[in-house]
Protein chains: 2
Amino acid sequence: MPEVASDDAVFKALADRTRRSLLDRLFERDGASLGELEAELSMSRFGVMKHLRILEDANLVITRRSGRKKLHYLNPVPIRLIHDRWIDKYTERRVSMLVDLKTKLESRE
Amino acid sequence: MPEVASDDAVFKALADRTRRSLLDRLFERDGASLGELEAELSMSRFGVMKHLRILEDANLVITRRSGRKKLHYLNPVPIRLIHDRWIDKYTERRVSMLVDLKTKLESRE
DNA sequence: TTGACATGTGACCAAAAGGTCACCTATTGT
DNA sequence: ACAATAGGTGACCTTTTGGTCACATGTCAA
């Protein structure tokens with residue numbers, strides 16, 4: 001059964017720029033190993049490993065072993081839970097429409 | 001025109017338990033003054049003030065002055081932007097249905 | 001089976017964050 | 001005017017966090 005990560009672990013995990021960029025990378029393309037991620041980050045392997053560990057503990061990243069490699073996958077569930085904590089169903093419509101409109105306007109510059 | 005808070009400010013703001021409980025409080029009931037919020041938090045006024053300042057800088061809380069009181073309101077927009085950063089429109093359906101189902105099941109114990 | 005590859009752990013240090021306080025400004029009601 | 005109320009600032013200390021390294025384990029391929 002899946003471990004339940006505390007709220008705190010999730011928010012702490014998201015508080016660091018490097019960890020957010022790791023999530024961005026996995027959002028774009030899943031299933032990377034530690035080695036691959038390290039190569040893109042100008043930081044020691046140990047630093048990256050520590051960050052991945054924190055993301056995994058927070059359940060934001062799920063891993064699967066394949067031989068001597070450990071593959072990393074983004075898990076969107078904790079992100080959705082953050083959303084639902086402070087945006088109720090009624091507000092969601094208004095806010096998502098507003099944000100989508102703003103994004104569309106800005107993309108046209 | 002509204003100030004644009006950096007990503008970093010938003011995530012750093014959310015990283016602290018006290019600040020999240022302030023957002024919870026404002027989510028439930030908007031428009032509280034510093035004094036009201038302090039009374040509910042077993043922390044010095046200075047601590048609470050510092051936290052509110054950080055939330056305000058992150059644009060998670062919007063304020064309005066009324067006489068010598070400063071009223072605080074929750075702003076859901078940055079929360080929605082976090083959501084949209086790592087959950088695309090296709091994934092959103094799957095994840096929100098999954099989370100809603102899980103919530104429903106758990107509420108029945 | 002042995003050398004190269006991929007990942008893991010604990011100690012350590014510098015930087016950042018959380019909390020409190022002395023002191024200060026602005027607004028109100030009488 | 002002035003006492004009481006509401007909020008604001010900078011210095012200070014303690015705790016937490018980010019990053020690196022020496023060292024260690026597990027896996028593969030020849």
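Residue numbering restarts at 1 for every chain, and letters A, B, ... go by the order of the sequence lines. Just so it is clear, the values below take in all heavy atoms, side chains as well, and ignore hydrogens, waters and symmetry mates.
- Residue B:K69 places its side chain closer to D:dG7 than to any other of D:dG19, C:dT7, D:dG7.
- Spacing between atom CG of B:L52 and atom C1' of C:dG19 amounts to 14 Å, rounded to whole angstrom units.
- Judged by distance alone, with hydrogens and angles left aside, B:R68 brings a side-chain donor or acceptor within reach of the base of D:dT5, the pair sitting under 3.5 Å.
- Contacts of B:G67 with the nucleic acid, taken as non-hydrogen atoms under 4.0 Å apart, involve only primed sugar atoms and P, OP1 or OP2.
- The distance from atom CG of A:D57 to atom P of C:dG8 is 12 Å, rounded to the nearest whole Å.
- Taking 4.0 angstrom as the limit, A:K50 places none of its side-chain polar atoms (N or O) nearer than this to OP1 or OP2 of D:dG18.
- Nearest to the side chain of B:F46, among D:dC28, C:dT7, D:dG8, sits D:dG8.
- Looking at B:D100 and B:K104, no side-chain N of the basic residue comes within less than 4.0 Å of a carboxylate O on the acidic one, giving no salt bridge.
- The interatomic distance linking A:R64 (CZ) with C:dT7 (P) rounds to 13 Å, in whole Å.
- The nearest pair of heavy atoms linking B:F27 to A:D88 is CE1-OD2, 4.0 Å.
- In terms of position along DNA chain D, the nucleotide closest to B:S33 lies nearer the 5' end than the nucleotide closest to the other residue of the pair B:S33 and A:S42.
- Closest contact between the side chain of A:S44 and the listed nucleotides C:dG8, C:dG19, D:dT20 involves D:dT20.
- Phosphate proximity of D:dG19 to A:H51: present, with a side-chain N or O under 4.0 Å from OP1 or OP2.
- For the pair A:D24 and B:R85, the salt-bridge criterion is met [side-chain N within less than 4.0 Å of a carboxylate O].
- Counting to the nearest Å, the C1' atom of D:dT16 and the CZ atom of A:F11 are 19 Å from each other.
- The nearest pair of heavy atoms linking B:L60 to B:P78 is CD2-CB, 3.8 Å.
- For A:R45 against C:dG8, a side-chain-to-base donor-acceptor contact under 3.5 Å is present.
- Look at CZ on B:R20: it is 16 Å from P on C:dA17, rounded to the nearest Å.
- Residue-level contact check: B:M49 touches the bases, meaning some heavy atom is under 4.0 Å from a base atom.
- Of the possible polar contacts, none joining the A:E40 side chain to the A:L37 backbone as a donor-acceptor pair under 3.5 Å is found.
- Contact between the side-chain N/O atoms of A:R65 and the OP1/OP2 oxygens of C:dG8 is found at a separation under 4.0 Å.
- We find that NZ of B:K70 is positioned 15 Å from C1' of C:dT27, with the value rounded to whole Å.
- Summarising the geometry, the separation between CZ on B:R17 and P on C:dG18 is reported as 13 Å, rounded to the nearest angstrom.
- Between B:K12 atom NZ and D:dG18 atom C1' there is a gap of 10 Å when expressed in whole angstrom units.
- The phosphate of C:dG18 (OP1 or OP2) has a side-chain N or O of B:R19 nearer than 4.0 angstrom.
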